[in-house]
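Structure record follows, encoded as structure tokens.
As the structure is a computational prediction, the values presented were derived from the model and not from experiment. Side-chain atoms are counted along with the backbone in the values below, which use heavy atoms only and exclude waters and symmetry mates.
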Amino acid sequence: GKLMFGFIVFWAYIAFSQFMLIWYGDVPEETHWFHWRFTGGWKVISLALLVLHFAVPFFGLLSRYAKRNLRFLSFWAVWMLLIHYVDLFWLVNPHGSPDVPSSPVYPLTLVGMVGLFIGFVARKACGQNLIPTQDPRLAESLAFENM
């Protein structure tokens, strides 16, 4: 939970720093890209990313209870994965229109990448002992609770 909270703040810091440097430097190639992202249909997505990718999870993970409760933490993990997918869509998609085309390219790409990741992890984990069974302090470490 603390790590997820830290990465939310880190994402906001990096995104704002990049935006501020491009805006202050007035680099024509880059400011043109940001101009398209803050007009038309992209404006809604840009503001939604600011709120849903930073503000909502920031306050949602601020309490100690949310970081220790597995249900809340799993909700925020899924939330961040979905919003990060929208963030990548915002970064990569051409500037024309934010409308998601009806072609199956976007969901199939996501399914393919997740499938490749699961396959890679499963292949690496095959034949490996994932729990240190010979560790004399295993029971103590499994019962650890962060205060």
Side-chain angles (χ1 to χ4, degrees), residues 1-126 128-132 138 140-147:
K2 291 177 183 179
L3 191 63
M4 192 183 313
F5 182 76
F7 274 112
I8 290 168
V9 174
F10 181 67
W11 173 86
Y13 170 74
I14 294 297
F16 175 74
S17 297
Q18 182 181 11
F19 171 74
M20 191 218 25
L21 285 173
I22 290 170
W23 171 74
Y24 188 72
D26 200 19
V27 180
E29 298 87 19
E30 305 294 334
T31 53
H32 181 70
W33 185 87
F34 274 110
H35 171 72
W36 281 105
R37 290 301 190 254
F38 293 137
T39 57
W42 285 111
K43 185 176 186 177
V44 174
I45 296 175
S46 300
L47 293 174
L49 279 175
L50 179 66
V51 172
L52 300 177
H53 202 283
F54 173 67
V56 171
F58 179 84
F59 290 111
L61 285 171
L62 201 56
S63 74
R64 182 183 301 178
Y65 177 75
K67 286 182 263 196
R68 290 183 179 184
N69 189 332
L70 191 57
R71 279 190 169 203
F72 280 156
L73 208 55
S74 59
F75 167 76
W76 285 115
V78 171
W79 174 277
M80 290 308 298
L81 283 174
L82 293 174
I83 295 299
H84 193 64
Y85 184 74
V86 173
D87 182 37
L88 289 177
F89 177 79
W90 184 78
L91 286 170
V92 174
N93 208 38
H95 67 270
S97 173
D99 298 331
V100 178
S102 60
S103 74
V105 172
Y106 289 108
L108 287 179
T109 303
L110 179 63
V111 168
M113 294 305 291
V114 169
L116 283 173
F117 176 74
I118 290 173
F120 177 76
V121 170
R123 183 169 181 165
K124 284 291 188 183
C126 184
Q128 300 289 329
N129 194 2
L130 300 179
I131 297 176
L138 178 62
E140 180 184 343
S141 64
L142 288 177
F144 176 76
E145 186 174 321
N146 190 5
M147 295 294 167

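The distance from atom CH2 of Trp36 to atom OG of Ser46, rounded to the nearest 0.5 Å, is 13.5 Å. Taking OG1 of Thr109 as the start and OH of Tyr85 as the end, the distance is 6.5 Å to the nearest 0.5 Å. With rounding to the nearest 0.5 angstrom, the CD1 atom of Ile45 is 8.0 Å from the CG atom of Asn93. Expressed to the nearest 0.5 Å, how far CG of Leu61 lies from CZ of Phe75 amounts to 9.5 Å. Rounding to the nearest 0.5 angstrom, the gap separating the OG atom in Ser63 from the CZ atom in Arg68 is 10.5 Å. Distance CG/Leu52 to CG/Leu47: 10.5 Å, rounded to 0.5 Å.
Taking every heavy atom of both residues into account, Leu73 and Met4 meet most closely at O-CE, 3.9 Å. Annotation for Lys67 and Leu62: closest pair NZ-O, 3.7 Å, computed over non-hydrogen atoms. Taking each heavy atom of Ala66 and Gly60 in turn, the nearest pair found is CB-O, 3.2 Å. In this structure, Thr31 and Ile22 approach most closely via the heavy-atom pair CG2-O, 3.7 Å. Here the closest heavy-atom approach between residue Trp11 and residue Phe54 is recorded as CZ3-CB, 3.9 Å.
Here the side chains of Ser141 and Leu138 are in contact, with some heavy-atom distance below 4.5 Å. Counting heavy atoms from C-beta on, the side chains of Leu91 and Trp33 come closer than 4.5 Å. At least one side-chain heavy atom of Val56 sits less than 4.5 Å from a side-chain heavy atom of Trp79.
The environment of Ile131 atom CD1 is sparse: at most 12 non-hydrogen atoms of other residues, nucleotides or ligands sit within 6.0 angstrom. Within a 6.0 Å sphere centred on CZ of Phe38, other residues, nucleotides and ligands contribute more than 12 heavy atoms. The 12-atom threshold is not exceeded at CG of Leu70, counting heavy atoms of other residues, nucleotides or ligands nearer than 6.0 Å. Residue-environment remark: CE (Met20) exceeds the threshold of 12 foreign heavy atoms within 6.0 Å.
Checked options Leu82, Val86, Asp87, Leu81; the residue passing with His84 is Asp87 (criterion: side-chain contact (heavy atoms from CB on, under 4.5 Å)).
Between Phe72 and Tyr65, the ring planes are perpendicular. Angles over 60° get that label, and only those under 30° would be called parallel.
Distance alone, capped at 3.5 Å, is enough to place a donor-acceptor pair between the Arg37 side chain and the Trp90 backbone.
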